Amino acid sequence: MTAYPPLRRWSSLASPPIHAVEIASAPCAPRALAGVLASITAEDLADSAFLVIRLGPIEGDDIQRAVEAVNQARVAARICLAVDRATLRQLDVESLDAERVGLMLDDVDAGTPLCDLASDIIEAVRFRAEFVALASRDLRLGCALDAMLGFAKDLGLCTLGPAMASNDASFAARAEFDYVPVPLAVESVSPEPPQRSARAEGRALPAPQLSR
């Protein structure tokens, strides 16, 4: 196992579950992206359908460096670059190898415009954990989360978010993300997350590309 960064595991709520892995350290600087990708081994990916890398702020010629790094990467899984709104607007999306690389809008919360979710250059969204936690205690925010999650799924986007406690009866706890993080305590075994309820549609993110 590579010692470069800690890895976070994700699992879909579909049955059978589909797994993913994320580099769980701080956002990756575009200039360091090639080295990060080179450090990922087949063992790291295991049966993962995609690899999430959170990309840091882009400056100057960082755009070209990031594009070249992901296009030239030799990893078995699809690469999903998680970016915030500002970084998304700077990326040279047309230069990305769409067969192997996708974009995720990260840190989605109540302040994220719906037009950003509707952008046709993203294929997944990740909801900010703090937003989901607040939505569990506030009815209006809970309604906002439910509406945004439904909107994202209607657009065919895959959704990632925090796992809610099984004893949480709040409005936000009814939110069903396509992928949730695997608890650290069970990452050493094959995780079997709770099954999706009958009302939710399967939107698993199979290899080699994200569902649209």
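Keep in mind that this is a model prediction, so the values were computed, not measured.
- Interatomic distance, CZ of F50 versus SG of C158, reported as 7.0 Å (0.5 Å rounding).
- Checked for salt-bridge contact, D107 and R126 miss the test: no charged N lies under 4.0 Å from a carboxylate O.
- What you find for P17 and S11 is that their closest heavy atoms are CB-OG, 3.5 Å.
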Exercise for review: List the steps, then state whether side chain to side chain donor-acceptor pair (under 3.5 Å) holds for S48 with H19.
Suggested key: CA-CA 5 Å; S48 298; H19 307 299; over 6 Å; no

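- Looking at residues two or more places apart in sequence or on another chain, you find no salt bridge (charged side-chain N to carboxylate O under 4.0 Å, His left out) involving D84.
- The line from CD of E176 to CG of L13 is 7.0 Å long, rounded to the nearest 0.5 Å.
- A distance-only check finds a donor-acceptor pair linking the side chain of R100 to the backbone of A73 [under 3.5 Å].
- Under the salt bridge (charged side-chain N to carboxylate O under 4.0 Å, His left out) criterion, R89 pairs with D116, not counting sequence neighbours.
- Interatomic distance, CG of D44 versus CG of L51, reported as 9.0 Å (0.5 Å rounding).
- Taking both residues in full, the closest heavy atoms of L160 and A124 are given as CD1-CB, 4.4 Å, listed atom of the first, atom of the second, then distance.
- For the residue pair N71 and D97, the shortest heavy atom distance occurs at OD1-N, 2.8 Å.
- Counting only heavy atoms from C-beta outward, the side chains of M104 and V83 never approach each other to under 4.5 Å.
- The main-chain N or O of P6 is never found under 3.5 Å from a side-chain atom of R8 such that the two would form a donor-acceptor pair.
- Between P30 and L55 there is a side-chain heavy-atom pair separated by less than 4.5 Å.
- Under 3.5 Å, the side chains of D178 and S12 contain no donor-acceptor pair of N or O atoms.
- Screening residues 109-149 for ring pair (Phe, Tyr, Trp, His ring centres under 6.0 Å), with sequence neighbours left out, gives F127-F177.
- Scored by the salt bridge (charged side-chain N to carboxylate O under 4.0 Å, His left out) test, R65 finds D61 as partners (sequence neighbours excluded).
- Applying the ring pair (Phe, Tyr, Trp, His ring centres under 6.0 Å) rule to pairs touching residues 51-107 yields nothing, sequence neighbours excluded.
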(message) Quick one, L157 with I122, criterion side chain to side chain contact (heavy atoms under 4.5 Å, CB included). Give me CA distance, side-chain angles, the key distance, then yes/no.
(response) CA-CA 8 Å; L157 300 174; I122 62 172; 4.2 Å; yes

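- Of all the heavy atoms in G111 and R85, the pair that sits closest is O-NH1, 4.0 Å.
- The CD1 atom of I79 lies 5.0 Å from the CG atom of L37; values are rounded to the nearest 0.5 Å.
- Interatomic distance, CZ of R140 versus CG of L145, reported as 15.5 Å (0.5 Å rounding).
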- Query: Between L114 and F151, does a side chain to side chain contact (heavy atoms under 4.5 Å, CB included) hold up when you go through it step by step?
  - Reply: CA-CA 8 Å; L114 293 183; F151 183 59; 3.9 Å; yes

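- In this structure, the side chain of R128 does not engage the main chain of A110 through any donor-acceptor pair within 3.5 Å.
- Screening L149, D106, L105 for a side chain to side chain contact (heavy atoms under 4.5 Å, CB included) involving V125 leaves a single residue, L105.
- Counting only residues at least two apart or on different chains, no ring pair (Phe, Tyr, Trp, His ring centres under 6.0 Å) pair has a member in residues 69-121.
- Under the 4.5 Å side-chain criterion, counting only non-hydrogen atoms from C-beta, V101 is not in contact with V67.
- Taking the side chain as every heavy atom from C-beta outward, T159 and K153 approach each other to under 4.5 Å.
- Contact detail for A76 and L45: the closest heavy-atom pair is N-CD1, 3.8 Å.
- When all heavy atoms of P181 and A163 are compared, the pair lying nearest together is CD-N, 4.0 Å.
- L141 CG to M148 CE: the interatomic distance, rounded to the nearest 0.5 Å, is 10.5 Å.
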